[in-house]
Each structure stands twice: as C-alpha cells, then as structure tokens.
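All residue numbers in this chain count up from 1 along the given sequence.
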Amino acid sequence: IAGINKENKRPTATMAEEETFDSASSGASATYPQQCSALRKNGFVCIKGHACKIVEMSTSKTGKHGHAKVHLVAIDVFTGKKYEDICPSTHNMNVPHVKRTEYTVVDITDDDYLSLMNEAGDMRDDIKLPSNNDDLAKDIKGKFEDDNDAVVLVTVLKAMDEEAVVGVKTGNESKQ
C-alpha cells in the first residue's frame with residue numbers, strides 16, 4: 001500500500017500491487033459484434049456458440065414501446081444443424097471471422113486424412129474428409145481417384161478455431 005487517499009481515507013495501491021491480466025491468445029478474436037438489424041441473409045452469425053450461415057431472417061414490430069425483434073434461422077457451417085434465435089434489432093450479436101481457402105488435394109490417406117497443398121506450395125495433413133457430409137466425402141474421393149489429369153481442389157472453411165472441407169471442384173491443370 002502506497003499511501004492513504006485524503007478524500008475517502010482508503011489505502012491507495014502502487015503500480016506493482018494493481019492486478020494484471022495475462023492472456024494466452026494471439027490477440028485476434030474469433031468473433032466481432034454486429035447489430036442485429038445489420039445482419040443479412042447468407043451472412044454469418046454465432047448462435048449458441050456455433051458459427052452459422054443465415055438462411056432465413058424476419059423482422060417483427062412489437063407493441064407500442066417495445067423493440068423490433070429479428071428472428072434468425074441459421075445452419076451450422078460445420079455440422080449442418082439448424083439453429084434459431086430471436087434478438088432485439090438494436091442489440092449486438094457475435095459474427096464469426098470466416099475464412100475460405102482453396103487447397104489442391106495431393107493424397108488421401110487410409111484413415112481419411114487429406115494431404116493438401118496451398119498456392120504457396122505449403123503442405124498440411126491435419127484435415128479429415130468431411131464426416132457429416134457423405135456425398136461430399138464420396139465426391140472428393142471419386143474425383144481424386146478418377147485419374148484424368150485434373151487437379152482436385154477443395155475449399156476449406158475456417159471459423160472460430162474450427163476447420164472443415166465444405167466444397168470440391170476440379171481444376172484444368174495437369175497433375176505432376
């Protein structure tokens with residue numbers, strides 16, 4: 001204790017005695033706030049801690065002094081599960097930072113892990129074939145195994161520290 005405050009006669013703290021808060025994150029948040037009324041269909045929103053894509057949205061006017069409410073119907077981008085939420089239009093909701101990246105499929109291991117290469121030539125082997133979407137997994141395997149010199153590209157979606165393959169297409173480059 002450094003001294004006593006003369007106005008309220010309470011002890012004052014020194015700089016060393018004040019609380020410090022350490023964090024282990026990189027400083028970037030997985031989400032950012034956005035007003036409900038600014039959200040749009042096909043945009044992204046966090047509902048119950050899940051990164052979701054908005055598929056339906058409606059605004060309802062309430063009573064004389066009430067707030068307009070926004071009714072959201074959204075689908076989890078990783079599991080495909082449907083979520084609903086109702087929020088006053090003036091309130092903020094969390095919106096996930098969503099990043100799409102295209103990778104070239106180099107190999108598919110026996111335990112369904114994808115060997116992927118980005119445009120810079122960096123390799124990664126930590127993403128599995130989609131387990132919640134059998135059609136997409138079969139499509140990726142089918143296109144990769146059809147050796148017709150077409151490059152198989154997958155789209156990986158990253159949001160809230162989760163990553164998953166959400167799309168596949170074939171390029172016109174030849175495999176090397």
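- Within 6.0 Å of the CD atom in Glu56, the count of heavy atoms belonging to other residues, nucleotides or ligands does not exceed 12.
- For residues 155-165, the pairs satisfying side-chain hydrogen bond (donor to acceptor under 3.5 Å, both in side chains) are Arg124-Glu163, with sequence neighbours left out.
- Taking hydrophobic clusters as Ile, Leu, Val, Met, Phe, Trp and Tyr residues chained together by side-chain heavy-atom distances below 4.5 Å, Val105 shares a cluster with Ile127.
- Of the inter-residue distances, the one linking Asp85 atom CG with Cys52 atom SG reads 9.5 Å to the nearest 0.5 angstrom.
- In plain terms, the two heavy atoms of Pro130 and Ile140 that are nearest each other are CD-CD1, 4.1 Å.
- Here the side chains of Leu114 and Asp125 are not in contact, with every heavy-atom distance at 4.5 Å or above.
- Smallest separation of non-hydrogen atoms from Val98 and Ala159: CG2-CB, 4.0 Å.
- Going from atom NZ of Lys69 over to atom OG of Ser89 covers 8.5 Å, rounded to the nearest 0.5 Å.
- Rounding to the nearest 0.5 Å places CE of Met123 at 9.5 Å from OG1 of Thr104.
- Closest heavy-atom contact between Val165 and Leu136: O-CD2, 3.6 Å.
- A salt bridge (charged side-chain N to carboxylate O under 4.0 Å, His left out) check over residues 107-116, counting only residues at least two apart or in different chains, returns the pairs Asp112-Lys141.
- Once rounded to the nearest 0.5 Å, the distance linking SG of Cys46 with CE of Met160 reads 4.0 Å.
- Of all the heavy atoms in Val45 and Leu72, the pair that sits closest is CG2-CD1, 4.4 Å.
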Between Val166 and Val156, is the side chain to side chain contact (heavy atoms under 4.5 Å, CB included) condition met? List the steps. CA-CA 6 Å; Val166 294; Val156 175; over 6 Å; no
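- Grouped with Val73 in one hydrophobic cluster are Val55, Ile75, the linkage being side-chain heavy-atom contacts under 4.5 Å among Ile, Leu, Val, Met, Phe, Trp and Tyr residues.
- Shown here are the side chain to side chain donor-acceptor pair (under 3.5 Å) partners of Gln34, two or more places apart in sequence or in another chain: there are none.
- Screening residues 40-55 for side-chain hydrogen bond (donor to acceptor under 3.5 Å, both in side chains), with sequence neighbours left out, gives His50-Asp76, His50-Tyr83.
- At a threshold of 4.5 Å between non-hydrogen side-chain atoms, the residues Met117 and Asp122 do not count as touching.
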Trace of the side chain to side chain contact (heavy atoms under 4.5 Å, CB included) decision for Ile108 with Leu129: CA-CA 9 Å; Ile108 301 174; Leu129 278 170; 4.2 Å; yes
Test side chain to side chain contact (heavy atoms under 4.5 Å, CB included) on Ile54 and Leu39; report intermediate values, then the result. CA-CA 9 Å; Ile54 301 168; Leu39 296 172; 4.0 Å; yes
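- Among pairs with a residue in residues 88-127, those fulfilling ring pair (Phe, Tyr, Trp, His ring centres under 6.0 Å) read Tyr32-His97, at least two apart in sequence or across chains.
- To the nearest 0.5 angstrom, Asp134 atom CG is 12.0 Å from Asp139 atom CG.
- The two atoms that bring Met93 and Cys87 nearest to each other are CG-SG, 3.9 Å, heavy atoms only.
- With rounding to the nearest 0.5 angstrom, the NZ atom of Lys143 is 9.5 Å from the CG atom of Leu153.
- Heavy-atom minimum distance, Ile47 versus Glu84: CG2-O, 4.0 Å.
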